[in-house]
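Take a look at the structure set out below.
Naming convention: chains lettered A, B, ... in sequence-line order (proteins, then strands); numbering from 1 in each chain.
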Amino acid sequence: MIHSLFLINCSGDIFLEKHWKSVVSQSVCDYFFEAQEKAADVENVPPVISTPHHYLISIYRDKLFFVSVIQTEVPPLFVIEFLHRVADTFQDYFGECSEAAIKDNVVIVYELLEEMLDNGFPLATESNILKELIKPPTILRSVVNSITGSSNVGDTLPTGQLSNIPWRRAGVKYTNNEAYFDVVEEIDAIIDKSDDVSFHPCIRFKRWESERVLSFIPPDGNFRLISYRVSSQNLVAIPVYVKHCISFKENSSCGRFDITIGPKQNMGKTIEGITVTVHMPKVVLNMNLTPTQGSYTFDPVTKVLTWDVGKITPQKLPSLKGLVNLQSGAPKPEENPSLNIQFKIQQLAISGLKVNRLDMYGEKYKPFKGVKYVTKAGKFQVRT
Amino acid sequence: MKTIVAVKKLVYVYLVRYAEEQQDLALLSISTFQRGLKDPNQLIRASALRVLSSIRVPIIVPIMMLAIKEAASDMSPYVRKTAAHAIPKLYSLDSDQKDQLIEVIEKLLADKTTLVAGSVVMAFEEVCPERIDLIHKNYRKLCNLLIDVEEWGQVVIISMLTRYARTQFLSPTQNESLLEENPEKAFYGSEEDEAKGPGSEEAATAALPARKPYVMDPDHRLLLRNTKPLLQSRSAAVVMAVAQLYFHLAPKAEVGVIAKALVRLLRSHSEVQYVVLQNVATMSIKRRGMFEPYLKSFYIRSTDPTQIKILKLEVLTNLANETNTPTVLREFQTYIRSMDKDFVAATIQAIGRCATNIGRVRDTCLNGLVQLLSNRDELVVAESVVVIKKLLQMQPAQHGEIIKHLAKLTDNIQVPMARASILWLIGEYCEHVPKIAPDVLRKMAKSFTAEEDIVKLQIINLAAKLYLTNSKQTKLLTQYVLSLAKYDQNYDIRDRARFTRQLIVPSEQGGALSRHAKKLFLAPKPAPVLESSFKDRDHFQLGSLSHLLNAKATGYQELPDWPEEAPDPSVRNVEVPEWTKCSNREKRKEKEKPFYSDSEGESGPTESADSDPESESASDSKSSSESGSGESSSESDSEDQEEEKGRSSESEQSEEEGEKRKMKKKKKVPEGQGEGSSSEEDSDSSSGSSESERTSETEEEQVEPASWRKKTPPSGKSAPVAKEISLLDLEDFTPPSVQPVSPPTIVSTSLATDLEGLTLTDSPLVPSLLSPVVGVGRQELLHRVAGEGLAVDYTFSRQPFSGDPHMVSVHIHFSNSSDTPIKGLHVGTPKLPAGISIQEFPEIESLAPGESVTAVMGINFCDSTQAANFQLCTQTRQFYVSIQPPVGELMAPVFMSENEFKKEQGKLTGMSEITEKLTLPDTCRNDHIVVQRVTAVANLGRVPCGASDEYRFAGRTLTSGSLVLLTLDARPTGAAQLTVNSEKMVIGTMLVKDVVQALTQ
């Protein structure tokens, strides 16, 4: 299955390699670099590359490429899913999945990779088991370790591996058992008709099927219980509207830019954390704008305009107006850029989903139940 | 201590990495691991084997082989799992060991634990994927374990089972092709018949071939059924694996279910999207209807990476049909204005494909493309030219204008491919533009030397064609061009020039060729077909690397074609008698392991044997506290386990509470997964052995093959018969001897006696409470006259329905009063209101005159009193019948203590509480009668009660498991108050009405 893993940063340095079978030379990555060069854009590097003797399957996460080397037929999603699991684990352990974090914790990284795969086949990928085997670094622990010379390797045996519910350690004990539910909903601008759900493996599928009850032995710590997709054909559910007027004059080196945002269906809640991101056409040199609220930045290299709006107050709608400087002589852009909008509405689940009840079996007391609802913009795009 | 473990681990990492390079050094460590293999702790044994088998030094092959063999029969499943992992390692080190390794694989395949399953199938796939025969005996077990295997194992198993099924079962589409005239069409699906595909899933399953020649092998069905829930897995790889399984194995009507899950994956990481879209692209060619409802999910965002955009475009194009093209084209129009030029080019190609595939929009597309010719972006223009060229080939005659327009473009457009395309078009259709063509050639001749090779070739081509059709005007020009070409740097062009000259210019030696030159150059050419690059990619197993690359990857196992004749299905039979005897599906279902099932049946013996001593030693050697929870308990009834823990930790808990706890556990059973009675034995050993004996007895009886088909003469009540057909409602003829089947939902006698002791009441419990009341008497389903001699009655037996705990068990009594035998009695396609479902009784082959027979069917009324309408069919007739349940039959008794009752009642107040005042008649003032009347109306269990004139009953509705609590407060004067508490208000209201009526009669 998975032969080797190379971690490559944006400037093309291979800064970590791990082999689960015999060693594969670094030079195999040249094929990857070639593809990367051809793709120009990092997002467009094909996830699967075929080379004379190997296949390279890669993911791009947090400005890093995880390139795995495969020698025989294997479902590509199997590898991709695994690589993302590796990245998730790093994120979980180090708080971020960056080159610096990995380099700082190189021993832990190797220990993790060693436990996650055996001869290229996934062995322990659940964060609960891994944390039992290898303790995540904390400031306190690293201080203590450096003084006492101890390490992060857990001294308990990984009993979780023996279990059929690998997501929960045995014998978790707290003085208080608390269950917090974060209901996070994301709105995609194109919303589809029927709903669909995917579950964490701890959910008993049979009960969901027969009674529509989510019954589960919860993992210890944070986890994603379900993901769901809901539907609505109408536009009523969209909480903001955007008035826009973006125009470029023919044969002139400037254009006009004017957008205003207002609340639509916000169900009495404030819309906050609004950010508008616009990928301006290549010919745009600079932008000279005035926001009525918040602040904006324009990166002349990537041509990305970001407007951090903040909250909407219905009395005074936020707007951003001004001039656009174009490269002189270049033809005017044909397409107006799309606006990508981010926002957040606290205490509202736009689909109407509610955590109705939490029943706990096997304990006498009622656990503390906290539910937080957030509606966010997902891939929310306004075509202009 | 800590440091030692840490250092050890790092040493292992180092050792494995460098063993190959420094073999001698590595060998020094071997003995340590050999010692580790004998360690009493399973985890140490496992990790010793893991490191040992990872050392790639050929000398130790025999040692490894021995270690693997030993570990394969280790008591601990974790060690066996590690052994499975070690197999491919050893195989890659020394492939001569194959035969021995296959033996180990065979042994491990027979393992019944979920922990081992994934790993051993992985080993199987790496070492001996061709030995499909090893799977037979393990097939059903793998299907049943699948849902509990970890995600990575699931992917491997599903992929292997797909291949297995292709070799062992018949094609489910074979039947359709037999019936329909045009099998090709039926298989590949035209728009019309695909359109109804996904929506009518249940209709299709219901109408599944009952009388048709093709019958799906139950094992094939088992695989489809057991993989379907995994479409909801969080792992994209698992979802994809199930999707490909359905695509390759499911009947056409059922494939639709995968679309939704795949569309959901489009919200995932872009790499996942990339792979999923590739597969969707292939699927959407063959099964367009499946994804059509999700058309909008494939709309493109300007922020998508180009490679994703292009794949989505591919899918959109595949999905375009007569009805949705306007929408699709409007969407395409937006894309054309994109800043991403590669994407624009792909969009133009896509428009071209829509135009060729859908005749109705061809002109619209063509016009649109022609407009693009005035686009400022040269790339857009060039791409449009190329596509227009292809479209024009379809109806050149009508498009002289467009060709003229294109000809003008040669002045501006520089992209070689576009120039070449224009030149080819003008040459090919020079008759349509007789005036312009020579002029174009003139201009081209001028710029010949500066052109790209591909354009030069087309100039030669154009010259040749014009020479043949219009030699007067172009002879000189042609000669000029050919001379230029003769001295070109590119030999290809020189060759072409020479060749063309020979063809068109008659020479002395005969010119046999030149006479045919016109035929050669101006032969009518078939219009090109613009087709997807994903066409026919599905000969690769979907989801595989080979499919993605469209080339066979190393180690790819071909997906075989369906066999013509199904191989012997009995090879999958396992020696366990229940398995083979199971003749109908519902019984098998019972045997199936539900999601995290509590039944240990499958995996019991191997695990439980070793877990205890193992884990003890584990906790000895290391300080870890909780390792005692071996896999046997944590796997299954973990809820119970937790409870148990809770109980042991609080020792001062009163006896009474302990008992209550037990009852709660009982109560939970029905809402759980309908566990088998075997676990009941495990968990409730204290509740009296008599019960467990009886349950196991009934279990045996239930497994008795198809006993219902046996005919029972109406009067016959001999003892052996009664025992054999205990599933039937025997109360009717042998009331005293009948033993209530004690299923999980009904409390056992012994527990009830315990209960009695607990409560303070001095009024004895009414005996009728314990053996379920033979509820409502017989009701007529079909009158003898209407049924032409077939009379059918039914009773609600109040026994839990064996197949599904949510179903009301209905006993159907057939008697034949005609003088001919009635054959083939079965239930016809039911038309049921939403939510209601029926578990049919097995077909009664024949009912002789004068005979009666009883069959059991289950109906899930979905907690409503709606009638279930269905057809009773005989070989010759169909009768429409309906069963409407009294509200009291929609529930099953639940036993609880008074305290619990009060607690629950406290939660169900307000809207959930219905109260009614009534006066009890004189005849109804003694305990016995009250209880009898209430339990006759409603299938509730009596709750012990302290006060003498209060009666309490409790039950749960069958479908939703909502509590129904009934309280009757009867004063000695006769005045009484009836209260029903239930979440289900409708049920509560109706129940109050029925009970009041029963009491005041």
Side-chain angles (χ1 to χ4, degrees), chain A residues 22 43-44 46-48 50 55 59 71-78 80-81 84 110-111 114 118-119 121-122 149-151 153 155-159 161-166 170-171 190 192 196-200 204-206 210-211 217 229 281 331 334-335 338 340 361-363 379 381 383, chain B residues 1-3 5-6 9 13 43 50 78 85 89 114 122 152 155 229 232 234-237 240 260 264 269 271-272 274-275 296-297 299 301-302 305-307 337-339 376 543-546 548-549 553-556 594-596 622 624-627 629 631 634-635 638-639 642-643 646 673:
Chain A
S22 41
E43 293 176 310
N44 278 317
V48 182
S50 176
Y55 305 98
I59 64 162
Q71 231 166 6
T72 52
E73 169 66 47
V74 56
L77 272 185
F78 185 99
I80 289 171
E81 182 84 27
H84 277 296
Y110 271 108
E111 284 165 351
E114 183 66 22
D118 180 16
N119 191 38
F121 191 73
S150 52
S151 84
V153 176
D155 54 355
T156 50
L157 285 160
T159 46
Q161 265 179 340
L162 305 176
S163 152
N164 263 40
I165 42 167
I190 304 162
D192 195 284
D196 190 24
V197 192
S198 82
F199 299 128
H200 189 278
R204 289 161 198 209
F205 186 72
K206 276 275 150 68
S210 55
E211 300 162 51
I217 298 169
R229 242 173 78 95
E334 260 171 75
E335 187 196 35
S338 303
N340 296 299
Y361 298 100
E363 297 292 346
K379 294 173 181 167
Q381 206 165 71
R383 290 177 182 166
Chain B
M1 182 63 198
K2 262 188 183 177
T3 341
V5 180
K9 287 203 173 186
V13 174
L43 291 160
R50 193 180 153 200
Y78 183 62
H85 277 266
K89 297 185 208 170
T114 51
M122 184 62 226
W152 312 109
V155 176
Q232 248 127 1
R234 70 169 166 172
S235 156
M240 188 67 233
K260 202 193 271 183
R264 189 187 68 231
H269 300 287
E271 297 87 7
V272 174
Y274 177 80
V275 177
K296 288 189 177 159
S297 308
Y299 280 7
R301 293 188 175 80
S302 60
T306 311
Q307 53 183 356
R337 284 184 287 134
S338 165
M339 286 179 266
R376 216 171 12 205
S544 67
L545 182 62
S546 304
L548 191 90
L549 299 170
T554 331
Y556 172 73
F595 197 50
Y596 303 114
K622 297 279 163 187
S624 78
S625 57
E626 279 299 327
S627 57
S629 63
E631 58 286 353
S634 52
E635 175 196 34
S638 29
E639 258 179 32
E642 265 169 41
E643 269 176 37
Q673 303 81 32

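For Tyr274(B), the part lying under 4.5 angstrom from a heavy atom of chain A is the side chain only. Only the side chain of Val155(B) has a heavy atom closer than 4.5 Å to any heavy atom of chain A.
Of the residues considered (Ala553(B), Pro305(B), Gly555(B), Gly543(B)), Pro305(B) shows the highest number of contacts with chain A, using heavy-atom pairs under 4.5 Å. Of the listed residues Val74(A), Thr72(A), Ile80(A), Asn119(A), the one with more heavy-atom pairs under 4.5 angstrom with chain B than any other is Asn119(A).
With hydrogens and angles left out, the side-chain atoms of Ser546(B) and Glu73(A) include a donor and acceptor closer than 3.5 Å.
Using modelled atom types, no side-chain atom of Glu43(A) and backbone atom of Thr306(B) make a donor-acceptor pair closer than 3.5 Å.
Applying the side-chain hydrogen bond (donor to acceptor under 3.5 Å, both in side chains) rule to His269(B) yields the partners His84(A); only residues at least two apart in sequence or on another chain are considered. Remark: Glu271(B) engages no residue in a salt bridge (Lys or Arg N to Asp or Glu O under 4.0 Å) (not counting sequence neighbours).
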